[in-house]
Amino acid sequence: MKSNPHLLIIFLGIIFVSFNLRAPITSVGPVIDLIQAQYNLNSSMAGFITTLPLLAFAIFSPFVAKINHKIGHGLTMFAGLLLIIIGELVRSYTNVYGLFIGTISIGIGIAIGNVLIPSVIKHKFEKNVGSIISIYITGMCIFAALGSGLSIPATEIFGWNTSLAIWVILALLALVIWLPQLRKSENYNNSDDLKLEEIMQSKSIWKSPLAWWVTLYMGTQSLLFYTLITWIPSILIFKDFDSHFSGMMLLLFQLVGLPATLIVPIIADKIKHQKFIATIISLIYLLGIVTLLFAQSTFSVILSMIFIGLGTGGAISLAIGFISLRTPHVKKAAELSGMSQSAGYLFAAVGPILIGFIFDVTKSWTNALLVLIALILLLILFGLKAGRDELTHY
């Protein structure tokens, strides 16, 4: 990258885009009670605020590769950033309808980045996929954590509306840094490593069993992450901890996950199969949820957040890593990225609503946490299947 200014600019663009792919969502959890109160929403509807971006991911992700094929990565990502900017402003400064409409716009914009960036990395940095993915995911997770941790302090100063809208600054910066890509946009199907006959003869990625295991792994870890991001503050408040402590715990579990997001893709890229590392990640995750279930003291809550953080950080980085590790070339990586983030996030979208519904019915978080424990057991299975040393040629 030092000898290639174009690659350096793309690298910076990837990093700044990553800052915008979680913070607009994670910043909602700590203030969801205030949003509920202002718009008189029940817990299920409040969970829907976090679920809407996931539905947008699910519906729009399959189209990103096709749009990118027609207009190139520069224009595609530029449009995604514009949608995030518009969505953040509409969500904060209109009304209850704008709250949901703006959230959908944010979700579509983030879906573009989710699908596009892994294929850009595989195309532009093929010899350093693990290292670039680790930096990309770490940047995404740092600002996801900041979104959670700064939400309450910013709300106390500006109100919840502006505390959510303030992230538009990051989107504007990313937009400016991405501008050079508008002149250098290209079609990945022209890449030297992809033969036309291979494109024509390849089957639909949706028919690949291996692609489905990757998708199930992506969906399950996403369901767990977005459910926890939405409800951890409420779970801790229910356990008689105050809102400031609850918000800080949301920040803690995301910060603790950063070493895992940085290290796991590099390790995964250097070993033939990832079954062992996927299992270890899930077991640490399981330990965190079990500890949270029984936690009553400050120490036990902090301990649970550490384990959960390591689990979430490792799982998301491995899920993104599977997109490159299980595909033979950039076109197939774009297809698997679209599939795993479409069907996967559709599955994940159930999480926040389901957990909110379980609490509304039972008036307790115990059953909800037991559901999450069962899902982590499934994550172990999906990781064993997706972690096999194979490539999908569908």
Side-chain angles (χ1 to χ4, degrees), residues 17 20-26 28 44-71 73 75-91 94 96-120 140 144 171 204-208 211-212 214-227 229-230 316 319-320 322-323 331-357 394:
V17 168
N20 291 275
L21 299 185
R22 292 297 178 271
I25 300 173
T26 60
V28 173
S44 297
M45 288 301 296
F48 196 53
I49 297 171
T50 303
T51 299
L52 268 177
L54 306 185
L55 291 174
F57 297 170
I59 294 168
F60 198 74
S61 290
F63 302 103
V64 175
K66 295 178 181 178
I67 295 170
N68 180 50
H69 172 64
K70 290 184 177 180
I71 67 175
H73 69 268
L75 281 171
T76 305
M77 192 65 252
F78 188 83
L81 290 167
L82 278 179
L83 286 169
I84 292 172
I85 291 168
I86 293 168
E88 286 175 332
L89 295 175
V90 170
R91 178 179 65 176
T94 54
V96 68
Y97 300 106
L99 173 70
F100 292 103
I101 292 170
T103 300
I104 292 171
S105 179
I106 292 169
I108 295 173
I110 292 175
I112 291 173
N114 283 341
V115 174
L116 193 61
I117 296 302
S119 63
V120 171
M140 182 173 68
S204 169
I205 192 74
W206 294 83
K207 295 180 180 179
S208 167
W212 275 106
V214 172
T215 297
L216 287 170
Y217 188 88
M218 173 70 80
T220 304
Q221 67 82 25
S222 296
L223 187 156
L224 289 163
F225 175 78
Y226 285 104
T227 298
I229 281 294
T230 304
I316 178 60
I320 299 296
F322 280 151
I323 293 171
K331 179 178 183 292
K332 199 56 66 179
E335 291 177 2
L336 181 55
S337 185
M339 174 185 173
S340 64
Q341 298 191 64
S342 175
Y345 282 123
L346 184 61
F347 178 50
V350 175
I353 293 178
L354 173 64
I355 298 305
F357 174 76
Y394 277 73

Does R91 come within less than 4.0 Å of E88, counting only side-chain N to carboxylate O? no

Between the CZ atom in F60 and the CG atom in L55, the distance rounded to the nearest 0.5 Å is 14.5 Å

In sequence, state the C-alpha distance, the side-chain angles, and the governing distance for I110 and N20, and then conclude on side chain to side chain contact (heavy atoms under 4.5 Å, CB included). CA-CA 7 Å; I110 292 175; N20 291 275; over 6 Å; no

One should read off an interatomic distance between T227 OG1 and F225 CZ, to the nearest 0.5 angstrom, of 10.5 Å

So, for P24 and V28, which heavy atoms are closest and what is the spacing to 0.1 Å? O-CG2, 3.8 Å

For the atom pair OG (S222) and CD1 (I316), what is the distance rounded to the nearest 0.5 Å? 5.5 Å

Closest non-hydrogen atoms of N68 and H73, given as atom of the first, atom of the second and distance, are OD1-N, 2.8 Å

Between the side chain of S208 and the main-chain N/O of I205, is any donor-acceptor distance below 3.5 Å? no

Identify the heavy atoms of V64 and A111 that sit nearest to each other, and give their distance. CG2-O, 4.2 Å

Contacts under 3.5 angstrom, residues 337-355 side chains, donor-acceptor by atom type, not counting sequence neighbours:
residue : atom : partner : partner atom : Å
S337    : OG   : V115    : O            : 3.1
S337    : OG   : Q341    : NE2          : 3.0
S340    : OG   : L336    : O            : 2.9
S340    : OG   : S337    : O            : 3.3
Q341    : NE2  : N114    : O            : 2.7
S342    : OG   : A58     : O            : 2.5
Y345    : OH   : R22     : NH2          : 3.1

Taking the side chain as everything from C-beta on, heavy atoms only, tell me whether L83 gets closer than 4.5 Å to I106. no

Write down the atom of I59, the atom of P62, and the distance for their closest heavy-atom approach. O-CD, 3.5 Å

Could you check F78 against I112 for side chain to side chain contact (heavy atoms under 4.5 Å, CB included), going step by step and ending with a plain yes or no? CA-CA 9 Å; F78 188 83; I112 291 173; over 6 Å; no

Derivation of the side chain to side chain contact (heavy atoms under 4.5 Å, CB included) call for T215 and F322: CA-CA 9 Å; T215 297; F322 280 151; over 6 Å; no

Let me see the working for I117 and V17 under side chain to side chain contact (heavy atoms under 4.5 Å, CB included), right down to the final yes or no. CA-CA 9 Å; I117 296 302; V17 168; 4.1 Å; yes

Any chance CZ of F100 has more than 12 other-residue heavy atoms, nucleotides or ligands included, within less than 6.0 Å? yes

To the nearest 0.5 Å, tell me how far L116 CG sits from I67 CD1. 10.0 Å

For F57 versus Y226, what's the shortest heavy-atom pair and its separation? CE1-OH, 3.8 Å

Would you give the length of the straight line joining atom OG of S105 to atom CG of L52, rounded to the nearest 0.5 angstrom? 11.5 Å

Gap separating the CG atom of L99 from the CE atom of M45, nearest 0.5 angstrom: 9.0 Å

With heavy-atom distances below 4.5 Å as the criterion, would you say the side chains of P53 and T103 are in contact? yes

